[in-house]
Structures are given as structure tokens and as C-alpha cells.
Amino acid sequence: MAARGHVQDPNDRRLRPIYDYLDNGNNKMAIQQADKLLKKHKDLHCAKVLKAIGLQRTGRQEEAFSLAQEVAVLEPTDDNSLQALTILYREMHRPELVTKLYEAAVRKVPSSEEYHSHLFMAYARVGEYKKMQQAGMALYKIVPKNPYYFWSVMSLLMQAISAQDEKLAQTMFLPLAERMVEKMVKEEKIEAEAEVQLYFMILERLGKCVEALEVLRGPLGDKLTSELQCRENKCMLLYRRLERWPECNALSHKLLQKNPDDWQFYLLYFDSLFHLIDQSWTPPSEGEHCAEGEVHNAVAQAVSFVEECVCGEDGKEQRPLRGPYLSRLELIRRLRERGLPEASQLGDPLELMVQYFGKFGDKPCCITDLKIFLDLLQPDQHVQFTNRLMEAVPLGSGEGGGAAAGFPGDTRALQRHLCVTQLSRTLGLHHALDTNGKLQLITQLKAHYQHGLQFGKSCLKTELQFSDMYCLMAAHVYIDLWMETGDETMLWQSVCVLEEGLTNSPSNAQFKLLLLLLFCRIGAFEPVVDLYTSLDAKHVQHDTIGYILTRYAEALGQFAAASQSCNFSLRFFHSNQKDTSEYIIQAYKYGAFEKIPEFIAFRTRLNHSLHFAQVRTERMLLDLFLEADISSSLEDSVKAMALTPEDDDIPWDCMRDNRDLTVLTSWDPPDRQLTEAHRKQSVEEEMVWLKVRSLTLRLIGCLALLSPTHPPQNSEKTSENGVASKPATLHKLLPQLETALQEAADFSQTHTKVYPVFGPPSTRLSVALQTGSCSCQLSALRLVPRVLHMDSAGLDESAESQSEMASSFKALLQQLQDILSKCKGDLVVMSGGQCSTHPSLMEALVLFVEDVCGSFMISKGVRDQKKKKKKKDSSTSTPVVVCSFLELVEGIQTVMSQALDHLKEQETLITALKLQGLSLDNAQEDAASMNAVFGKVQSSYLRSLSELSELLKKRMDTLKALKI
């Protein structure tokens, strides 16, 4: 804000100190300075607004808004006040108020280009496309510049994109936008590339592909110069859409002759070739084949063309391009799929891949290039293939001061050896080994990793070691052994290997991600927080990989870390709305019209993110379990969250799963990789669990609405007790929760597919169903409408209902007892030289604590209803239901005491555990690293137990005061 304009105004000098204080974050001094200035100059509006900014930044939002409105109603037109108000409203997340400011300014100064421009951008922030169109045209009439005119056209296009009625878009908005651009074309007023791009976008959405092609081929197409091959790429897009395969083939052939390494055009060339063959297309007898030149419509021509490209690369003195060699393998695959004999003319895939490895094996891209063509090999060729490749790897002989025997002598040889090792794993050769074979393989991988560290001695901490992938692969083989044998020692060994790798390569994200996953599998969340922080996840990564963090934080009893994890994600989602608006404005300013729909789609995708809905729901539930009726009342907690139980704000029909489930590097063969069926099952499971959690949250929110301290929402519908008679929401949501739990049970029975180790994590659904946690919460919530009914009938007239309620109280208490009994068991066990953890027991304990917290909040709601009724209908004898309720409260206290005893017992056991008895492959070498890892796991479990105990103690203290 310090960089103000060059207007020579004495007020600027007076306001300068306030701007400086605000820029430096000294908000209190800014407020004081503004007060001093306002005493002398009461009508200095900008000073008031700057004071409001200071108040906003010190948390006094209501005062700030009131002060800002005092200035806004005066409809200021000075630049200082308008800009300051704009900044304030942005910080308040009230962009709609900025539009009103500039609407008033434009009315008072109708000829101001600046105010009209600001008004347009204000409409852009709130997505008022119709008003943007009008503002753009008004601006063009004042200052007839092309950008303003096309702002209006783009706003018409955005109306079409956002229109609910596609027919309206096709018949009104898009034709009008087309006519507006055609008018400028006829008048030869098209100046910039962005204007041609916009014209193309309109024609494309109208489905006028032929007209769009004419534009691209005509003089307007010459303006498309900002991107390489922009014109050709757009033409190719239209040819495919129009199914003009001759033009598509000829253009891709022409572009490949210019650049034989452009892979996308090889794919288009082959696609169009086989379409032409299927259609039996033949070239005309005279003249050109098509507008783009010569067309290849026979397999022989394609084979000849690919061979020409390869020969051209073979004849080069410098390093050849990869594209032609890979195109030969791609053509073989396509010919084989069609059963065509010409496939054999191109050569044996095994020989061709060995040849490719000889040319490019020392490049990291070699593994990803060859990986996609391994299906061309027969299963009995796999060992032969890797042996042939290994022959091309220069390994030391150990003589004459050279490299150690069997090890690479430089980084290029190391990369070749690493590529062969990775391909062997991808072909399943590692998985086919027995246990001893896998342990020998791990020893070899570790040796190669240690040997390779010498090549990276001069690497910076931010650089990866050349041999890191050996370390990662060793960890993967340990995981294979764990999965096959069930020996958890292998899992611990994998963690140790990765920890060692991380000390040598502190910036290796793959080490950190796999450690995240393994620590969570062990049930230790404490080390995960630092690992995730060190990943330095940016922007959209909080949505794509944040699920790893938020899935386990609360489930493993780390409530403080869970709040932090949710904040990581929520901070990004909440800033997305504001940030995207700024991107859109910049796109308008610089004519990047193509990007505007992309930004809108990106914002929508994030708003509909499955992870966003999950984090928001879990964060509110966590706050209620931790804080409600402890540090603040349930009513205040619900109010602070702005939770409205009657409204379901989760977009179930258009939810997007943005998780990156392939973020972990894996060389597993296809039969062990994540499949589409796994993805689909995971999304269904996440949705089922989210529905259960969302309904639970909304039902707990209903308790606040039914509280006697909660103000009635509708005075005409208020009962005699002063309680808003809106249990309709409660009655509506309870059957929905019952249905959701039935769906969850059905899902759990019918979907038994186990996810791969590197696939998505399962939700807490199965543990919740097995322990009976979900049914316990449902039973507790069912008590509320029954209590309301009993209150309306009166205690004297509800003997039968009281008896039923007493039975329900006993049943609820029994459910809590049953859940606790299922949670009992040692979390960490050391026996027979093996250490095993039981994170599912920790998840069950957390769910038990949640059930206790929920039962407490519901019991308090029941108590509040009974307390009112007792005051109104005091009687000499204590009703049955009141006695039963007191027994329930005492019973819950007893269960909580038992749970605390169990937690204390587990703390004692885990603290006493030592690692001396743990059997290791190389005891002396691994003892130190294993002790360090065990220390982290031990500390994490103790912290989880401590947080669970602390929460239970707080609930016990408040439960003691729960009397009628």
C-alpha cells in the first residue's frame, strides 16, 4: 500500500504515516495515528477507512465494518478512499461490497475510464457476467479500445459457459458473441492474438469447426504466434473432431518430418492411419491428396516412414532422438493388436528394446520409455531380456585400481544398472523370488546404494543422490516380505532403510512419502507431521496428497496434530476462492482469455473436492469432541462454526476425487498395481463414510438448536418451554443416518477388494462397524426425540415411555461397555524376537472416546430437558426415568474410569518396552537405526495415549456436574 499515486494532495502527506504503519504490520499505531488525524480533519474519509483496516487486522471486525459503512454510504469518489475500502472488503471476504462502491463512483463520475475499469474487475471477482458485459461496453463507448470491447465479448462467452440452460447458451449468448467479433473482423479492427483466440473459442463452442478452420488458415491465423505450433495444434484438434483423417494424417506426417521427436504426433499419425485403413480410403487420382499434403493410407507406407525416421537418427553423429525408436515399438504393438503380419517386418521387440537400452540406458527416462512396451515380450523372454541388458552394463572387475568388482565405475554405468534393476522388478522377477532370494536381493541393493553414495559427495542437501532408487527399491522388497510373511520386523527394516536414505538425501520426496505411509501403518503419527512439513507441499498438493495426513491424524489419537493437519488443507481451500478471482482479473488485463474458463473450472473442482468436504466435516466434529461443553457450551461451539443442521452443503452429486493415488513411485508388475476397480471402490467407501460423519455432525448440531438457552428461531413456532419447536430437522436426519449406516454395512459386506500397499488407505468405516461405534452413536441420538415426546406428554402420563427410556439408557451403557471390551489389548507387543503393533486397537480406542463424548453431549441435552420439566412439575417422588438417567451418568463415569485405567496400563507397558529382544538381519549395523525408529514409534503411541487420557479426564470432570 505504500506505493501510492503521484497526485499532489496534502492529504497524501497526512496519510503517509498510517500507510507505513499498516505496511509494517503495526496496526495499533496505525489506529492511533488515524485517531489523531481524525480529530483535526473529521471529514478525511480515507483516514477512517485506514483505521477500519487496522481494526480488522486486530480482530475487531464489527467495529471495522461499522466504520467502513459510515464512509461507504457517503459514496466517496476519491481514489484513496476507494482503494482503501477495496482492500478492507477483500480482507473481510466481502467482494460484493466493492461492486456497490464503484457503481456509486461511476454514477457520480460517468466519464472516468479508471472507475469503469475498476467496476468491471469488481464484477469479475463476484462472477457477475451479465454486468461485466454491460460494464465492458460502457467502457468501450467512453474509451474505444479493443481490449474493452473484447472484455464484453468474453463476458458473453462466460454467460454461455455458466448457463444452466445449454439451449440458451447456443441460441443467444454464443451467437451474439460471434456477431460482435465478426463485426470487428469485417471492420478489420482485430489487432491482437488474444482476440483471434477468443473468436476461435466461440466458434469451437458453437460447433462451427469448419468456420474455425477457415479462421485458422486465413490471415487471422497468422496472429497465433505466442505458442510453438499453436496454429497446427488447433488445426489438428479440429481435424480430429471433424474426423477428417486424411488431413490429420498428412499434417502429423508433415510435423514429424520437421521434428521427429514429437511423440503426440506419432500417436495421431498412427490413429489416423488405421482410421483410413478401416474406412478403405483412397487418394484422388489427380491433384493433392488433401489440403495438408500427402496422405499415408497403407501399413507399408507407415512402416517405411518409421524406418526412414530411425535411419535418419542412426546416421547422426550426435546423440540421436528417442521418438523414432519408440515409434517403431508403438507401431509393432498396434499391428499385433490387429493381427497384421507386417509387425514382423519391423523386427523383434526384445532386440529393439536391447538396442534402445544401448543408446539411452544411461538416461533416467529409459525406464519409463521401455516400461510401457514390456507387454510386447513373452513371459519366457523376461529373464533373457534382463540378462541381455545386463551384458550392456559396464561393471568393474576390481583390478587395476578401477571400480569394485560387480559395481558401476561412474554415474552413467550406475544409471544403466539401475534401469535394469527397475525393469526386472517391473517384470515381476523380484516378486518371484523366495524369502531367502529376496533377502539376498536386499543385500545387493543396499551394497549398490552404499557404493553409489561416493558419486554424490559434492551434492547439495537439496539434490538427490544418484543411487537413491536402490534404497527405495530395498524398502519395497522389505514391504513385499512383510506382506507375504506377516513378519512386521520387515516393515521396521523398511523404515530403517528409508530413514538412512533420508539422512543422505534430505530432499527426497519419495522417501518421505513412503515413510509417511509406513509410520501410519505402524500406528505412529507423531513423526508424520515433521515429514509432511518438510515436504513443503504447495497449493493444490494440499488437496492431492493431503489425504495421507488427514486420514490418520485423528484416527491415531493425535488430536492436536489432527487440527493442524486440517488447517493445512482448509487454509488452501479457503484462499482458493480469493486467489482464483485475482487470476481471472489478471487474465482479463493481459488478454489470456483461454485461461479464464480453466480458472473457473479449477475453482469449481476444488469447491467440489471430496477431500475438502471430508476435512471440513472432520474438523468440526473434532472441535465439538474436544471443546463442546468443556471450554465453551455446545451452542456457542455450533454458532462459532456457522453450522446449520437443516442444510446439507455437501455437493454429493458433483463430488470430485482429486487425490493423487499414484504419487508413490512403484515398479510393481501390472497385476499388483492399482486398478480402476480399486479407485472406484475407494471413492464409494469415502463417500459412505463421509455421509455417516456428516449426518452425525448435523444431528449433534441439532442438540444446540433444542437447548433451552438457544434463542427461538421462530416466535410463532415456540413451545411453552422456550425451545424452538423445530425437532423436525432431528426427525428428518435420524432416518437418514439409519439408512446411511445400513448402506455402510452393505458396502462393507459386498466390497471385499483389498487395496494395494501403495494404493488409497481404507477409511475408519470397517473399525467403526466392527466395534459397534456407529450403532452406539445412533442409539444415543435416538434418545433425544423420545425425551422431547415425553416432555410434551408429561412425566405423570408417560409411565410406559419412562420404562422404555430406562431400558434404552441401560442398552446404551451396555453398548459403551462392549465397545471398550473390543478396544482392550496391547497396542505394542514384543515377543519371540519380533515387535508387532496393533494400530486398529488405537483406532477403536479413538472411536470409543468419540462415542463417550457424543453420549455426554446427548446426555447433557437430555438433562437440560429433564431439568426444565422438573422445575415445572416438581413432585415428591423421583420418576423412574430420572433414576435411570442418573444410573446412566454413573455408568458412563464407570466406563470412562475403566478406559482411563486401560490407557494408563498401556502407557506403562509401552514405556517399559525395550528392543534388546528384537531379532535383526545385521544386528550390530541396524541396532542404532532400529532403536531410533522404535523411539519415534514409542513416543508417538505414548503421546496418543496421553491425549486420549486428557480428553477423557476433561469429560469426566464435566460429567460429575451433570445432575438433574
Side-chain angles (χ1 to χ4, degrees), residues 1-126 135 138-139 142-143 574-575 578-579 581-582 585-586 589:
M1 277 194 301
R4 311 301 300 155
H6 300 286
V7 180
Q8 298 300 318
D9 187 339
N11 285 335
D12 281 357
R13 177 176 50 79
R14 299 184 184 115
L15 295 169
R16 173 63 51 197
I18 308 176
Y19 283 120
D20 291 340
Y21 284 130
L22 290 172
D23 287 341
N24 295 327
N26 197 340
N27 299 312
K28 289 185 179 178
M29 284 301 298
I31 294 169
Q32 292 177 17
Q33 189 67 30
D35 284 333
K36 287 180 185 177
L37 190 56
L38 286 169
K39 285 179 182 177
K40 296 179 182 178
H41 305 277
K42 294 181 180 179
D43 296 330
L44 190 52
H45 303 320
C46 187
K48 276 189 181 181
V49 183
L50 295 177
K51 179 185 175 182
I53 292 174
L55 291 169
Q56 169 71 16
R57 292 176 182 177
T58 51
R60 296 154 68 181
Q61 285 90 349
E62 291 184 6
E63 291 178 62
F65 184 71
S66 176
L67 200 58
Q69 290 306 94
E70 287 180 21
V71 178
V73 295
L74 299 173
E75 299 184 349
T77 55
D78 64 293
D79 191 45
N80 286 338
S81 297
L82 288 170
Q83 287 196 28
L85 279 168
T86 301
I87 291 166
L88 176 62
Y89 288 148
R90 269 193 227 163
E91 291 185 10
M92 288 180 167
H93 305 292
R94 299 288 302 275
E96 71 280 0
L97 296 177
V98 180
T99 60
K100 295 179 181 177
L101 272 182
Y102 282 102
E103 282 170 358
V106 164
R107 279 197 302 271
K108 288 188 173 182
V109 191
S111 59
S112 170
E113 179 183 2
E114 183 182 1
Y115 290 167
H116 275 282
S117 177
H118 281 305
L119 177 60
F120 181 89
M121 295 307 173
Y123 286 141
R125 281 194 180 89
V126 294
L139 190 52
I142 297 166
V143 186
H574 289 151
S575 65
K578 183 179 74 172
D579 293 346
S581 297
E582 297 307 312
I585 285 169
Q586 294 305 312
K589 281 183 178 178

Exercise for review: For side-chain contact (heavy atoms from CB on, under 4.5 Å), just list the numbers for V98 and M121, CA-CA rounded to whole Å, side-chain angles, deciding distance to a tenth of an Å, and then say yes or no.
Suggested key: CA-CA 10 Å; V98 180; M121 295 307 173; over 6 Å; no
Practice item. Verify side-chain contact (heavy atoms from CB on, under 4.5 Å) between R94 and F65, making sure each step is shown before the conclusion. Key: CA-CA 10 Å; R94 299 288 302 275; F65 184 71; 3.9 Å; yes
**Study point:** Stepwise side-chain hydrogen bond (donor to acceptor under 3.5 Å, both in side chains) check, E103 with Y123
**Key:** CA-CA 10 Å; E103 282 170 358; Y123 286 141; 2.6 Å; yes
Point to revise | From CA spacing to verdict: side-chain contact (heavy atoms from CB on, under 4.5 Å), V49, I87 | key: CA-CA 10 Å; V49 183; I87 291 166; over 6 Å; no
**Study point:** Derivation and outcome, salt bridge (Lys or Arg N to Asp or Glu O under 4.0 Å), residues R125 and E96
**Key:** CA-CA 8 Å; R125 281 194 180 89; E96 71 280 0; over 6 Å; no
Check your understanding: Given Y21 and L50, is the side-chain contact (heavy atoms from CB on, under 4.5 Å) satisfied, shown in steps?
Key -> CA-CA 10 Å; Y21 284 130; L50 295 177; over 6 Å; no
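To the nearest 0.5 Å, atoms NE2 (H118) and OG1 (T86) are separated by 7.5 Å. Separation of atoms CG (N80) and CG (L15) is listed at 6.0 Å; rounding is to 0.5 Å. Separation of atoms CG (L44) and NZ (K39) is listed at 15.5 Å; rounding is to 0.5 Å. With values rounded to the nearest 0.5 angstrom, K48 atom NZ is found 11.5 Å from L85 atom CG. If you take CD on Q33 and CG on L22, they are separated by 10.5 Å, rounding to the nearest 0.5 Å.
With K108 contributing its side chain and E75 its backbone, the two residues share a donor-acceptor pair below 3.5 Å. Looking only at distances, no side-chain donor or acceptor of H116 sits under 3.5 Å from a matching main-chain atom of A135. In this structure a side-chain-to-backbone donor-acceptor pair under 3.5 Å is missing from S66 to E63. Remark: the backbone N or O of E113 is not paired with any side-chain donor or acceptor of S117 at under 3.5 angstrom.
Residue H45 comes nearest to S81 through the heavy atom pair CB-OG, 3.6 Å, listed as atom of the first residue, atom of the second, then distance. Closest heavy-atom contact between L55 and A64: CB-CB, 3.9 Å. What you find for L67 and A52 is that their closest heavy atoms are CD2-N, 3.9 Å. Nearest heavy-atom pair, K51 versus L38, reported as atom, atom and distance to 0.1 Å: CD-CD1, 4.5 Å. The minimum heavy-atom distance between Y115 and D78, with the atom names listed, is OH-C, 4.0 Å. Between A105 and L82, the shortest heavy-atom contact is CB-CD1, 4.2 Å.
Taking 4.5 Å as the limit, every side-chain heavy atom of R14 sits out of range of all side-chain heavy atoms of K40. The shortest side-chain heavy-atom distance between I18 and I53 does not fall under the 4.5 Å cut-off. For the pair S112/Y102, no side-chain contact is recorded, criterion being any heavy-atom separation below 4.5 Å from C-beta on. Residues L97 and M92 fail the side-chain proximity criterion, which asks for heavy atoms closer than 4.5 Å.
Y89 and Q56 form no side-chain donor-acceptor contact under 3.5 Å, judged by distance and modelled atom types alone.
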